[in-house]
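A short worksheet on the structure shown next.
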Amino acid sequence: MELPEDKRQAILEAIYGARKIEAIKLVREATSCGLKEAKEFVEKLSAELYAKEPQKFAAAPTAKSGCVGVVMAVAVILSAAVVLVMMLV
């Protein structure tokens, strides 16, 4: 698939940064191909690049704390507060 060099670089950066959806959008903009073709192209290119240079890829997140982490922290703090109040009474 022929891509302008600036678009190709943007697509590679998106793939290396684990942003496949962005890469697919860029391919579609550059080539006017359909979603299926763009997705297949990005997946194939991603696999080829990973086989050659896996160190360039963004590390996959190992754990997402997000809201769950905040809720757990609040629960621990509240539990500690309850224990302290019970000890004082």
Side-chain angles (χ1 to χ4, degrees):
M1 188 176 294
E2 287 296 317
L3 297 168
E5 187 57 34
D6 60 329
K7 292 288 186 179
R8 182 171 177 77
Q9 278 306 117
I11 292 165
L12 291 176
E13 288 174 17
I15 291 172
Y16 286 134
R19 299 183 314 269
K20 282 189 180 180
I21 293 173
E22 180 182 336
I24 291 168
K25 287 179 183 179
L26 290 168
V27 169
R28 292 188 73 196
E29 288 173 8
T31 63
S32 300
C33 67
L35 178 60
K36 181 180 178 187
E37 292 84 8
K39 181 177 181 285
E40 289 172 352
F41 175 79
V42 167
E43 287 178 347
K44 181 179 176 189
L45 181 59
S46 179
E48 290 171 0
L49 292 171
Y50 189 80
K52 290 179 185 175
E53 301 174 297
Q55 71 279 3
K56 281 192 172 184
F57 282 76
T62 55
K64 291 185 179 181
S65 59
C67 293
V68 174
V70 172
V71 170
M72 292 299 292
V74 170
V76 169
I77 292 169
L78 288 176
S79 297
V82 168
V83 169
L84 283 174
V85 169
M86 294 177 112
M87 289 174 66
L88 294 173
V89 173

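- No more than 12 heavy atoms of other residues, nucleotides or ligands sit less than 6.0 Å from atom CD1 of Ile21.
- Within 6.0 Å of CD on Glu2 lie no more than 12 heavy atoms contributed by other residues, nucleotides or ligands.
- Scanning all heavy atoms of the two residues, the minimum distance from Cys33 to Arg28 falls at O-NE, 3.4 Å.
- Note: Leu26 CG to Thr31 OG1 = 10.5 Å, rounded to the nearest 0.5 Å.
- With respect to Lys52 and Glu48, no salt bridge is recorded, no charged nitrogen being found less than 4.0 Å from a carboxylate O.
- Atom CG of Leu3 sits about 4.5 Å away from atom CD1 of Ile11, to the nearest 0.5 Å.
- Other residues, nucleotides and ligands place no more than 12 heavy atoms under 6.0 Å from the NZ atom of Lys44.
- Considering every non-hydrogen atom in both Arg19 and Glu13, the closest pair reads NH2-O, 3.6 Å.
- In plain terms, the two heavy atoms of Pro4 and Ala30 that are nearest each other are CD-CB, 4.4 Å.
- If you take CD1 on Ile24 and CZ on Phe41, they are separated by 11.0 Å, rounding to the nearest 0.5 Å.
- The minimum heavy-atom distance linking Leu49 with Phe57 is given by the pair C-CE1, 3.7 Å.
- Scanning for side chain to side chain donor-acceptor pair (under 3.5 Å) contacts around Glu5 gives an empty result, with sequence neighbours left out.
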